[in-house]
Amino acid sequence: MSQDLSEQEIIRRQKCEELRNMGIDPYPAALFEINVFARDIRENYERDKTSYKNISIAGRIMSVRDMGKACFAVLQDSTGRIQLYIRRDDICPDEDKSLYDIVFKKLMDLGDIIGVKGYVFTTKTGEISIHVTNLSLLSKALRPLPVVTTDSEGVSHNDVTDPEFIYRQRYVNLIINPEVRERFRKRTQIVQSLRETFNSKGYLEVETPILQPIPGGAAARPFTTHHNALDVPLYLRIANELYLKRLIVGGYDGVYEFAKDFRNEGMDRTHNPEFTVMEIYVAYKDYNWMMDFTEEMLEKVALDLHGDTKVQVGEKTIDFQRPFKRITMYDAIQEHTGIDISAMDENQLRDTCAKLGIHADKSMGKGKLIDEIFGEKCEGNYIQPTFITDYPLEMSPLCKKHRSKEGLVERFELMVNGKELCNAYSELNDPVDQRNRFEEQVKLMERGDKEAMYIDTDFLRALEYGMPPTSGMGIGIDRLAMIMTNVPSIQDVLFFPQMRPEA
RNA sequence: GACUUCGUAGCUCAGCUGGUAGAGCAGCUGACUCUUAAUCAGCGGGUCGAGUGUUCGAGCCACUCCGAGGUCACCA
């Protein structure tokens, strides 16, 4: 239980005790009535001064400039920062000056949460401020906050830059970096924008199991767990695709889910073990329709967030204005390698990989080899939103065969900034074909492919009752948020990215 | 998993060819009733990520471990 406390932490604990001795609860239970926010004052005071004569506001003390018998302090609430002017004779009009001299000046610290009442005015130097007439402590901070200051040139000093600090103690990062609070607000706006698109078309937001007996719908290594009462193994879902399609069988025209998925694989700048995917399935549609829908959806996200279809991502400007470029996978490969692979068999593909210097091992089938070529030679080139269409059948076991092109399926992926953002199919609804495809997966698994899919017989049973022609699409919400907020790491769009436990 | 960089006060950082740690901000004491990186005077604060070794002597050199970032590989 023993804790090594720093000098500053010990002092703050002592201050807490002194407050209690004075009859002041450092953590009072009663609510504090708020009637205004910092942003409201800053934006509206100048043109409506009469409305700010009797305000009540609460927040965290971020800095104090002590002038003796008066102080300037900066208060931060959820909307921003506002300066306080605290004069001793105003908060202590009587003989007893202890509220100012002792409680405020001695016992309060940066980071404490306080409530103040007063009126708004503009200082001689032109800063909109709150002249405080009443001040109370709402919560005492026992740890010192990193003090980030910004000088007259707008350069910030002592900013916390250690990524470990930022990710492990996100709460501190959020307190001292308003732009980070804003980034996560944008992430929520993205989700809201998508929801608006789906709801406006009448599609139904649903929830499907996270604990699944068969981890289906994608090729990935799952987390495993165990249910004690049932005494069965369960898996954390790697996708929700097969459950959403069951709901289409059940008669809904459109269903979607924002799903946390889990994959027990490596971590890097674009992969976290748990991540968010939105999947949507719409009956009586095909993948061509879904491309149009995806364009509409993403253009709206960009407009809702930035008021513009153009989004700055690192050095690049990405334009989400409809329509996006569309190119088949074979054409993409021809464009970037000069090689036409459309008629090649597995051996010819293997030779082509060797010629291009692409690693190809024996477990790879024809589809996997084509995917390797695309991934190595093409993918990174598609910065502007581009639909890559018509994938090889072997690597798309849940996707319908192409209506006219032999050996291909009706699938597209949307590439943005050189990476996959969306993945969509004309969904396979032929139960016999689906059973065959699952059996192909079993063969791949026997050949050594660790990510081959499991057979889900209940899903096949559902298809046997009949699923309308359906198109489905999945989009990585974390990656979308990375693009839309212009950050390079998935950790920057997750409040609490996965970390090794602290020692 | 491989390679690589990093870990020093609450925060940001310095610390020479190895000689037992320093600054700014924050903190503490004091001055100042319109300041804004407020200012001025003074004072305290460290298991140098952990451990082992080399050395008369290690923040610094070597090795092991822990944590983080980056690159690559693997994977969607």
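Heavy atoms only: backbone and side chains are in, while hydrogens, waters and symmetry mates are out. All chains are named by letter (A, B, ...) in the order of the sequence lines, taking the proteins before the strands, and each is independently numbered beginning at 1.
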*Asks:* Quick check on contacts: within residues 98-107 of chain A, what sits under 4.0 Å from RNA chain B by heavy-atom distance?
*Replies:*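 Within residues 98-107 of chain A, the residues near RNA chain B are A:Lys106.
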
*Asks:* For B:rC66, take OP1 and OP2 only and decide whether either is under 4.0 Å from a side-chain N or O of A:Arg500.
*Replies:*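 No, outside the criterion.
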
*Asks:* Assign each of A:Arg221 and A:Met499 to its nearest nucleotide of RNA chain B by heavy atoms, then name whichever residue's nucleotide is nearer the 5' end.
*Replies:* A:Met499

*Asks:* Below 4.0 angstrom, which residues in residues 371-390 of chain A have at least one non-hydrogen atom near RNA chain B?
*Replies:* none

*Asks:* Between A:Phe184 and A:Phe495, does the ring centre distance come in under 6.0 Å?
*Replies:*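 Yes.
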
*Asks:* Quick one: pull up CZ in A:Phe262 and CZ in A:Arg237 and give me the separation to the nearest 0.5 Å.
*Replies:*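 Result: 7.0 Å between the selected atoms.
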
*Asks:* For the residue pair A:Tyr100 and A:Phe104, does the interplanar ring angle fall in the parallel (under 30°), tilted (30 to 60°) or perpendicular (over 60°) class?
*Replies:* tilted

*Asks:* For RNA chain B, whose closest nucleotide is more 5', that of A:Met267 or that of A:Met108?
*Replies:*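 It is A:Met108, whose closest nucleotide lies nearer the 5' terminus.
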
*Asks:* Distances under 3.5 Å only, N/O to N/O: pair up the protein atoms with those of nucleotides 7-10 of chain B.
*Replies:*
unit_1, atom_1, unit_2, atom_2, d
B:rG10, N7, A:Gln8, NE2, 3.3

*Asks:* Let me confirm one number: the CG-NZ distance from A:Asn44 to A:Lys49, rounded to the nearest 0.5 Å.
*Replies:*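 One gets 13.0 Å once the value is rounded to the nearest 0.5 Å.
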
*Asks:* For RNA chain B, what dot-bracket results from Watson-Crick or G-U pairs at under 3.5 Å, with [ ] for crossers and | for inter-strand partners?
*Replies:* (((((((..((((.....[..)))).(((((.......))))).....(((((..]....))))))))))))....

*Asks:* Scan side-chain atoms only and decide if A:Arg65 and A:Gln83 contain a donor-acceptor pair under the 3.5 Å cut-off.
*Replies:* yes

*Asks:* Restricting to side chain to side chain donor-acceptor pair (under 3.5 Å), what partner residues turn up for A:Arg81, sequence neighbours left out?
*Replies:* A:Gln76

*Asks:* Please give me the minimum heavy-atom distance between A:Thr133 and A:Gly118, naming the atom from each residue.
*Replies:*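 So the minimum-distance heavy-atom pair works out to OG1-CA, 3.5 Å.
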
*Asks:* Would you jot down, in residue-number order, the residues of residues 473-495 of chain A having a non-hydrogen atom under 4.0 Å from RNA chain B?
*Replies:*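 Output list: A:Arg479, A:Gln491.
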
*Asks:* Under 4.0 angstrom, heavy atoms only, what part of the nucleic acid is A:Ala220 near: base, sugar-phosphate, or nothing?
*Replies:* nothing

